[in-house]
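To start, the structure under review is shown below, and the notes come after it.
Predicted model, so just to flag it, every value in this text is computed and none were measured. Proteins get letters first, then strands, A, B, ... in listed order; numbering begins at 1 in each.
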Amino acid sequence: MAVAEATPPGRDFIRDIVQADLDAKRHTTVVTRFPPEPNGYLHIGHAKSICLNFGIAEEFGGRCHLRFDDTNPTKEEQEYIDAIERDVRWLGFDWGKHLFHASDYFERLYQWAEDLIRAGKAYVDDQSQDAMRASRGTLTEPGRNSPYRERAVAENLDLFRRMRAGEFPNGARVLRAKIDMASGNINLRDPVLYRILHANHPRTGTQWSIYPSYDYAHGQSDAIEGITHSICTLEFEDHRPLYDWFLDNIAVPSRPHQYEFARLNLTYTILSKRVLTELVRGGHVGGWDDPRMPTLAGLRRRGVPAEALRDFIRRIGVAKANSVVDMAMFDHAVREVLNKSARRRMAVLRPLKIVIENYPEGQSEELEAINHPDDPSAGTRKIRFGRELYVERDDFMENPPKKFYRLSPGKEVRLRYAYFVTCREVIKDGAGEAVELRCTYDPATRGGNAPDGRKVQATLHWVSAEHSVASEVRLYNPLFMSPSPDAANFATDINPNALEVLADARVEPALAQGGNSPEAVQFERQGYFCLDPDSKPGKLVFNRTVGLRDTWAKVSGAKGA
RNA sequence: UGGGGAAUAGUUCAACGGUAGAACAGCGGACUCUGACUCCGUUAAUCUAGGUUCGAAUCCUAGUUCCCCAGCCA
C-alpha cells in the first residue's frame, strides 16, 4: 500500500472505464497487474505504469499483482528480478502475496496449446525464419499460407510434443496459430505461439526447451490470475485483437480486457531499455544506479524521494496521445517534496577564502542556525565562525554587473546567521585570479542584523575554514544534450558534463555527523543533496538531487551550474 | 499504398452538446537573513474546411499532420 498522497489521484480515461465497469456490475473487484520483463532495470517510464496499476487497485479497493513476464530466458536474469522487486517496493507499492511469474503457467499454457492444435487452430511450421518472413507479406500486401499450414492434427501434436521433448535444435520449428495470413493486422498473420529455445531459465532451469511468445502468454496469464483490466502501452494496441483471439479460443477461467495508454517521454532523456542497457554495458555510466540514469535505482541514489516520483506521475496524467513531458515538471515535483522535508545546511561548493582582518586571530565563536525555516520543530544547531572562512566563488565578482547583489570590492553583505562583512581587498594569483579576499566585519551585527537598521542586498552562505569538512560533491546535469535525444544515435549525444565532480567542497561539520544517513538536505542557496553510498568515514560524497530555482542564473545568462 | 491510434496555451492534462480550465514553464510584482520558499497578477490553445444544431473542442463528412505494426523481443 502506498503512503497517502497529499493530493487526490487524478481522473483519466482508464479510471473512467474501471468506474463504469464497477457501476455496471461487470466486476465486483478490480484486479490489475504490473508485468515487467526482467531484462533490465525499471525506469521512470515504468513508474507511470506502476502508479497506474497499483494506484487504480488501491483507489477502487482491488488488488494489483506483480507478475514477471519471463518468457524469454535468453534475455532475463535473476539480478533484474531482484532489482525490480526492490524498486517497486521503494516506489511505495506492495503486491502482498500476489507475486507471480508467467513461467508459473508454462504447463497450463502448453496444455492449452495442445487444445488449439486439436481444435485445428494451431500448427507446427517447419519453415526457416527467413522463409516465414518472406511469406508474411508486407504492410500493404497479404501474406501467403505456409506449406505446413494444413498438417494433420496428429502430426502437429506429435511434432509439438517432440519440440517440448527437446528433439529439435533452436529455430527448427515453431507452433503458430492458424488465423489469417491476409489480415491487415500483421499480428493476426499466423503468429508464433512457441519457439524452440534451449536456454537456462532463471526459474524453470532447463525443464523447458520451448517457450511461449509474449502474445500467447500474456492474456492467458491475465485470465488465470483473474485480472480485470490489463493495462499496457500504446504499441500493444494492435495486439489487442490477438489478445482477444486467444481468450475467445481457449477455455480460460476469466475474461480480462486490455487497455492502452501513452508511455512517458521526458525531455533530455531516453527511456529505452535497449539504450539504457547499452549505457551500462558500454561503460558510459557507472551502472544501473548511476545518478545520471533515469532508472528508479539511479533516481533513488540521486536522492529523489519516492513521494516526488509518485506526485510527478500524478501530475502528468494518463492519456492516449504521444507526448514529451518537460523535465522542469519533474524537477518541480522533486523540489516541492524536498523543500518541505530537507534540513538546511551550509556548504561551499567552490571555495574562495576570506580573511576577516579585524577578527581576533586564533579565536572562534558559536552562532545559532535554524534547521528549517518553515518548521520550528526541526530545531536549531550551532555553527562555528572564525577569522578565516570560505564563501562561494560565484558570490564574488571584482567588476560586478548592475544587478549583482553579492560580494565585490567595497561592498557589504551578510554572512548568514553571522555578521555583515565588507570586502576591502582582493588578493590574486599570477593569472589574475582572485585567491583570497580581505574583509572586515561589523561586531555589532552579530546574528545577522544591524542595530542601526541598515540593510544589505545579499546574504551569503559560508563555512569556517578551520571547522568545515572537506567533501566531494557531485553535480548532475541531463545525460543527453538534445532536448529530444535520438535513441538511434544516443552515443554522440551524451552530455560530457552530465557529471561534474567538485573535489574540494567544504561542508559544515553538522553534515559529517549522523553517519551515512541518506537523509536529504538543502545546501542553502544551492540545492538539495544527499549522501552517496561512495562516502567513507573520512571522505563524504554528496549528490546534488536538484538545484534550487536560480533566478539570478537566468538574469545573468550564466550557464546552469 | 494495408491495419491500428492520436491531434486543446510553449509543455502535460481537463472540459463527456451549454461561460475552454488547471499544473509546469514564461513574464511582472510583493515578501524575504536562501536571488529559495510563499503570495498576488499576467501572457498564452480547440489541426484545416465544410455540415448538423438555438448552441460544437465535443456530433457528421472530407482532408492534413504525427505515432505504432512486416522478431522465433516484450
Side-chain angles (χ1 to χ4, degrees), chain A residues 10-13 16 35-37 39 69 71-72 74-75 125 127-129 132-134 136-143 170-176 182-189 191-197 210-211 213-215 217-218 232-241 260 262 264 267 273-274 312 315-333 335-336 339-340 344 346 369-370 373-374 403-406 414-418 420 447-449 455-461 522-527 547-556:
Chain A
R11 269 309 190 179
D12 53 69
F13 76 99
D16 288 345
E37 183 191 13
N39 67 342
D69 223 325
T71 56
N72 187 349
T74 64
K75 295 191 173 173
D125 195 338
Q127 288 186 105
S128 70
Q129 204 164 155
M132 233 201 264
R133 184 168 25 244
R136 188 158 22 234
T138 68
L139 293 179
T140 53
E141 302 157 28
N170 286 357
R173 292 178 228 266
V174 293
L175 183 73
R176 300 177 77 176
S183 174
N185 182 344
I186 291 177
N187 295 119
L188 263 20
R189 317 238 265 229
V192 169
L193 274 50
Y194 275 91
R195 70 278 212 199
I196 298 170
L197 245 33
I210 55 173
Y211 289 91
S213 62
Y214 163 85
D215 285 308
H218 205 94
C232 62
T233 43
L234 251 30
E235 67 269 28
F236 293 103
E237 208 154 16
D238 49 18
H239 289 239
R240 185 164 11 106
E260 311 85 13
L264 170 67
T267 55
K273 269 197 202 171
R274 195 208 98 225
F312 168 68
R315 282 164 183 274
I316 60 172
V318 179
K320 292 193 74 161
N322 299 101
S323 60
V324 183
V325 176
D326 193 332
M327 186 59 96
M329 192 95 85
F330 176 73
D331 289 346
H332 177 267
R335 287 193 193 105
E336 190 179 61
N339 177 49
K340 277 182 282 188
R344 311 287 128 123
M346 291 204 283
I370 60 176
D374 307 319
K403 305 278 269 191
F404 187 81
Y405 300 153
R406 288 110 96 147
R414 172 169 37 232
L415 295 182
R416 190 144 161 89
Y417 300 123
F420 285 12
N449 289 300
K455 303 288 184 200
V456 288
Q457 278 186 300
T459 300
L460 308 187
H461 62 278
Q522 182 194 97
F523 289 177
E524 296 217 37
R525 303 209 305 133
Q526 310 263 19
L548 253 30
R549 271 189 81 212
D550 189 351
T551 308
W552 167 245
K554 262 190 308 206
V555 172
S556 66

Under 4.0 Å protein heavy-atom contact, by nucleotide of nucleotides 23-29 of chain B - B base, S sugar-phosphate only
SSSSS--
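- Rounded to the nearest Å, the gap between the P atom of A44(B) and that of G28(B) is 16 Å.
- Counting to the nearest Å, the P atom of G35(B) and the CD atom of Q526(A) are 10 Å from each other.
- Spacing of P atoms, U46(B) relative to U58(B), comes out at 13 Å, to the nearest Å.
- Nucleotides of RNA chain B nearest to T459(A) and S183(A) differ in position, and the one nearer the 5' end is that of S183(A).
- A36(B) and G50(B): their P atoms are spaced 49 Å apart (whole Å).
- Annotation: side-chain hydrogen bond (donor to acceptor under 3.5 Å, both in side chains) contacts of E524(A) (sequence neighbours excluded): R416(A).
- Qualifying side-chain contact (heavy atoms from CB on, under 4.5 Å) partners for Y405(A), counting only residues two or more places apart in sequence or in other chains: K403(A), Q457(A), A458(A).
- Taking atom C1' in both C60(B) and C69(B), one finds a spacing of 29 Å when rounded to whole Å.
- Atom CG in L548(A) sits about 14 Å away from atom C1' in U38(B), given to the nearest Å.
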Output, in order, the C-alpha distance, side-chain angles, deciding distance and verdict of side chain to side chain contact (heavy atoms under 4.5 Å, CB included) for N72(A) and L197(A).
CA-CA 9 Å; N72(A) 187 349; L197(A) 245 33; 4.0 Å; yes
Represent RNA chain B in dot-bracket notation, 5' to 3'. Only Watson-Crick or G-U wobble pairs with both distances under 3.5 Å count; pseudoknot-style crossings use [ ] and interstrand partners use |.
.((((((..((((....[..)))).(((((.......)))))....(((((..]....))))))))))).....
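- Rounded to whole Å, the P atom of A49(B) lies 13 Å from the corresponding atom of A57(B).
- The residue V324(A) sits close only to the backbone: its heavy atoms come under 4.0 Å of sugar-phosphate atoms, none of a base.
- In this structure, S323(A) does not reach the U11(B) phosphate: none of its side-chain N or O atoms is under 4.0 Å from OP1 or OP2.
- A 4.5 Å side-chain heavy-atom check between R406(A) and W552(A) finds at least one atom pair inside the cut-off.
- Taking atom CG of residue L188(A) and atom P of nucleotide G2(B), one finds them 18 Å apart after rounding to whole Å.
- As judged by a 4.0 angstrom heavy-atom cut-off over every strand, F420(A) is placed among residues making no nucleic acid contact.
- The line from CD of E260(A) to SG of C232(A) is 5.0 Å long, rounded to the nearest 0.5 Å.
- Classified by interplanar angle (parallel below 30°, tilted 30° to 60°, perpendicular above 60°), the ring pair F236(A)/H239(A) is perpendicular.
- Every residue meeting the side-chain contact (heavy atoms from CB on, under 4.5 Å) condition with N170(A), not counting sequence neighbours, appears here in chain and number order: I196(A), H198(A).
- Straight-line distance between the C1' atoms of A30(B) and U8(B): roughly 33 Å, to the nearest whole Å.
- Residues meeting the ring pair (Phe, Tyr, Trp, His ring centres under 6.0 Å) test with H332(A), sequence neighbours left out: none.
- Counting non-hydrogen atoms under 4.0 angstrom, K273(A) reaches nothing in the nucleic acid.
- No side-chain donor-acceptor contact under 3.5 Å links R195(A) to the backbone of G171(A).
- Across all strands shown, E237(A) has heavy atoms under 4.0 Å from sugar-phosphate atoms exclusively, and none from any base.
- Taking atom C1' in both U43(B) and A25(B), one finds a spacing of 12 Å when rounded to whole Å.
- Contacts of L548(A) classified as side-chain contact (heavy atoms from CB on, under 4.5 Å), with partners at least two apart in sequence or in another chain: Q522(A), Y528(A).
- Residues that satisfy the ring pair (Phe, Tyr, Trp, His ring centres under 6.0 Å) test with F330(A), not counting sequence neighbours, are F312(A).
- At whole-Å resolution of the value, CG in N339(A) and P in C39(B) are 11 Å apart.
- Looking at heavy-atom distances under 4.0 Å, P241(A) makes no contact with the nucleic acid at all.
- Rounded to a whole Å, the CG atom of D374(A) is 18 Å from the P atom of C31(B).
- Shown here are the ring pair (Phe, Tyr, Trp, His ring centres under 6.0 Å) partners of H461(A), two or more places apart in sequence or in another chain: there are none.
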Contact pattern, 5' to 3', of nucleotides 65-74 of chain B - B, S or - by protein heavy atom under 4.0 Å
--SBBBSBSB
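- In terms of the salt bridge (charged side-chain N to carboxylate O under 4.0 Å, His left out) criterion, R344(A) has no residue partners (sequence neighbours excluded).
- To the nearest angstrom, P of G4(B) lies 13 Å from CZ of R189(A).
- The separation of G3(B) from U42(B), taken at their C1' atoms, amounts to 47 Å, rounded to a whole angstrom.
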Distances for protein N/O vs nucleotides 45-47 of chain B N/O pairs under 3.5 angstrom?
none

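- No donor-acceptor pair closer than 3.5 Å links the side chain of D238(A) to the backbone N or O of N187(A).
- Straight-line distance from the CD atom of Q522(A) to the P atom of A36(B): 12 Å, rounded to whole Å.
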